[in-house]
Q: 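First, the structure itself, so that you have it in front of you.
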Amino acid sequence: MLPSAVIEKLPHRRMEAWKWTDVRRAVRDEVSGLSSVMTPRFTAPDGVSVTQGAAHPSDHVMGRLAQSFSDQSWNIYIPRGAKAAEPVLIEDMNRGHGRFAVMVDEGAEATFVEYHKGKAGSFANIEQNIHLAKGAKLIRIIVQDDPDDMTRIATSCIAAAEGTKLEQYILSFGGALTRLETRLYGEGANIEAVMNGAYLLSGSKHTDMTSHTELSHPDCYIRQSVKGVVTDKAKAVFQGKFLVRRDAQHTDAEMRHDALMLSERAEVRAKPELEIYADDVACAHGNTIGALDDSALFYMRQRGISLAEAKALLTEAFLASVFDDMDDEDMRESLMGQIKNWLGASYGV
Amino acid sequence: MLKINNLHAVVGEAESQILTGLSLDVPAGEVHAIMGPNGAGKSTLSYVLTGRDGYEVTDGSVELGGKDLLDMEPEDRAAAGLFLSFQYPLEIPGVPTMTFLKTALNAQRRARGQEEMAAPEFLKKARAIASELKIKPDMLKRPLNVGFSGGEKKRMEIFQMMMLGPSFIVMDETDSGLDVDALRIVADGVNSLRSPERGMLIITHYQRLLDYITPDKVHVLAGGKIAASGDADFARLLEKEGYDKYAA
Ligand SMILES: Nc1ncnc2c1ncn2[C@@H]1O[C@H](COP(=O)(O)OP(=O)(O)OP(=O)(O)O)[C@@H](O)[C@H]1O
Ligand SMILES: [Mg+2]
């Protein structure tokens with residue numbers, strides 16, 4: 001397929017789900033990766049297999065596009081009952097179309113760490129189909145940091161069976177245009193999911209965190225907290241939807257998006273949505289967009305802390321709660337370290 | 001040490017004139033008290049001295065140890081040794097008290113060209129001062145002032161003051177909200193900092209605090225300036241007679 005034909009297939013702002021993230025407009029036909037297949041690198045612990053094989057058809061716009069380049073996907077299998085001691089690492093997702101199928105089999109536990117770091121002037125489209133079998137547990141840690149002329153769309157569709165646990169933590173530093181989309185489909189009762197994310201955007205970077213959570217069975221527990229900071233002319237998009245079907249009684253679900261807007265030219269677009277058909281549920285959503293507290297900043301400066309450092313401390317404290325519940329202390333420290341580096345560089349500490 | 005001359009200041013969007021030619025001289029080694037009616041501009045004076053946004057000086061000068069304060073950023077004034085114990089201390093969510101103070105102390109040290117204080121020395125100092133002020137160690141791990149009671153916040157101001165060891169201290173109603181025991185603890189802390197190199201300005205409504213910290217001078221702030229001054233006994237008289245005769 002010619003790059004120009006690929007661009008014709010990209011989603012654009014006249015499509016409701018893409019109204020704030022116009023991929024078609026962002027991509028020029030000279031970028032690399034538009035019509036090639038991705039070559040990711042895996043590090044998998046013993047007992048976890050990574051193979052290439054026939055892929056299932058996709059029903060998502062970006063998934064279908066990836067499918068037109070390859071009917072194969074990378075298949076990662078965590079066998080029944082396995083508890084992988086080390087995380088599965090996925091790296092080098094730096095350009096092209098990549099398809100992944102992950103199966104965490106019954107009672108298995110796994111941690112995936114994904115680094116989405118691209119090269120200048122490229123395009124990446126990643127489609128992941130994840131299946132959590134009965135009682136499986138998956139922790140996903142996703143770090144994304146692209147150059148300011150790179151476009152990345154990563155879409156994860158997660159099918160979760162009864163009694164599964166999902167913890168997902170995203171840290172996004174954006175790119176020319178970045179969309180990290182998670183679609184969670186509950187296929188059984190008693191699912192527990194944490195879907196947190198933080199974005200830190202400067203310059204003219206753009207991150208879109210979109211999620212769709214669909215529950216059809218009782219007693220599920222969902223916590224989602226996305227927090228971010230935008231400076232300069234950066235743009236953040238948060239779209240979150242909880243769709244709670246009639247049989248999903250006793251759903252306990254909470255969605256929050258909180259943004260700090262540190263420049264008048266920055267932009268934050270948020271659309272939290274609840275669509276609820278069950279009558280005995282506790283579902284809530286909240287959305288705030290604010291600035292740093294001037295009084296607190298003055299108080300800190302009165303104690304001798306420079307304005308830049310005061311801003312950095314308050315921002316770090318604001319974002320930290322997103323990763324508070326992570327069990328892996330070292331990983332949490334590493335994510336907070338990356339946040340500190342960004343704050344140091346962006347605020348000029 | 002602190003020399004305020006003919007200070008005029010306006011506040012807020014409306015630019016209301018609050019200070020209208022205030023002059024005051026606090027030499028090193030002295031403790032001065034400022035009393036005065038509600039809304040007279042006592043807190044305004046403390047914010048003008050420390051450089052808060054929204055408090056604009058329209059005339060006059062302020063020098064601390066020979067340096068022009070009004071030209072400096074708030075953090076540089078702090079590094080120059082100026083400390084304000086806030087009438088209403090701010091809550092700093094998510095920043096543990098110890099992290100906050102260590103950052104502040106070392107920022108000041110760097111600004112003065114001194115070496116940073118190492119963690120063990122800092123901890124030792126913090127523990128000693130906390131126990132002197134009867135502050136429970138677990139309080140120092142909590143985010144600064146978040147959920148602290150009014151009295152605890154005031155005590156925490158004194159804790160910060162003793163940790164930072166400023167050369168000039170402004171205390172804005174630090175006594176309000178303190179129980180008798182806390183008042184004594186705070187006063188002992190303040191008295192321990194009295195020294196020939198250090199000056200203090202204590203804003204208060206009550207003689208009570210001045211029973212513990214004997215001031216060298218007492219001033220009345222009314223009508224935007226110092227309307228009257230006297231010695232330590234003057235505070236007692238003011239408490240009895242009120243400020244009616246100093247009204248602008
Ligand atoms: N941001 C502002 N905009 C307008 N007016 C203000 C602002 N801040 C303070 N003022 C006014 O300035 C005057 C002085 O206030 P200030 O807080 O300095 O008084 P104070 O002497 O400390 O009083 P108190 O004894 O009650 O603490 C008051 O009339 C107050 O309403
Ligand atoms: Mg006041």
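FYI, side chains are in, hydrogens and waters are out, and symmetry mates aren't considered; it's all heavy atoms of this structure. Just so we're on the same page: letters track the sequence lines, and every chain starts at 1.
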Q: Minimum heavy-atom separation for B/Pro93 and A/Ala317, please, with both atom names.
A: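 Smallest interatomic distance, heavy atoms only, reads O-CB, 3.4 Å.
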Q: Quick check: under 4.5 Å, non-hydrogen atoms only, which of residues 101-133 of chain B neighbour chain A?
A: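 The list, in residue order, reads B/Thr103, B/Ala104, B/Ala107, B/Gln108, B/Arg110.
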Q: Between B/Pro89 and chain A, which part of the residue has a heavy atom less than 4.5 Å away: side chain, backbone, both or neither?
A: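 B/Pro89 touches chain A through backbone and side-chain heavy atoms alike.
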Q: Within a 6.0 Å radius of atom NZ on A/Lys165, are there more than 12 heavy atoms belonging to other residues, nucleotides or ligands?
A: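 Not buried by this count: 12 neighbours or fewer within 6.0 Å.
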Q: Would you say the side-chain atoms of B/Glu75 pair up with the backbone N or O of A/Leu307, donor to acceptor, closer than 3.5 Å?
A: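 Yes; judged by distance alone, with no hydrogens or angles, the pair exists.
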Q: Is B/Asn145 in contact with chain A via its backbone, its side chain, both, or neither, using a 4.5 Å heavy-atom distance?
A: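 Side chain only.
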Q: Tell me, side chain or backbone of A/Glu316 under 4.5 Å from chain B's heavy atoms, or both, or neither?
A: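 A/Glu316 has no heavy atom closer than 4.5 Å to chain B.
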Q: Within the side chain of A/Arg303, is there an N or O that forms a donor-acceptor pair under 3.5 Å with the backbone of B/Phe83?
A: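 The answer is no, because no donor-acceptor pair under 3.5 Å joins these two groups.
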Q: Using a 3.5 Å distance criterion without hydrogens, assess whether the side chain of A/Gln302 forms a donor-acceptor pair with backbone atoms of B/Pro74.
A: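 No, the answer is negative, given that no donor and acceptor are paired below the 3.5 Å cut-off.
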Q: Which bit of A/Ala296 is near chain B, if near means a heavy-atom gap under 4.5 Å: side chain, backbone, both or neither?
A: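 For A/Ala296, the contact with chain B is made by backbone and side chain together.
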Q: Is there a donor in the side chain of B/Thr50 and an acceptor in the side chain of A/Arg301, or the other way round, less than 3.5 Å apart?
A: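 No donor-acceptor contact under 3.5 Å links the two side chains.
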Q: In terms of heavy-atom proximity below 4.5 Å to chain A, should B/Leu84 be classed as side chain, backbone, both, or neither?
A: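 Both parts, heavy atoms under 4.5 Å.
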Q: At a heavy-atom separation under 4.5 Å, does B/Arg52 approach chain A through its side chain, its backbone, both, or neither?
A: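 Contact with chain A involves both backbone and side-chain atoms of B/Arg52.
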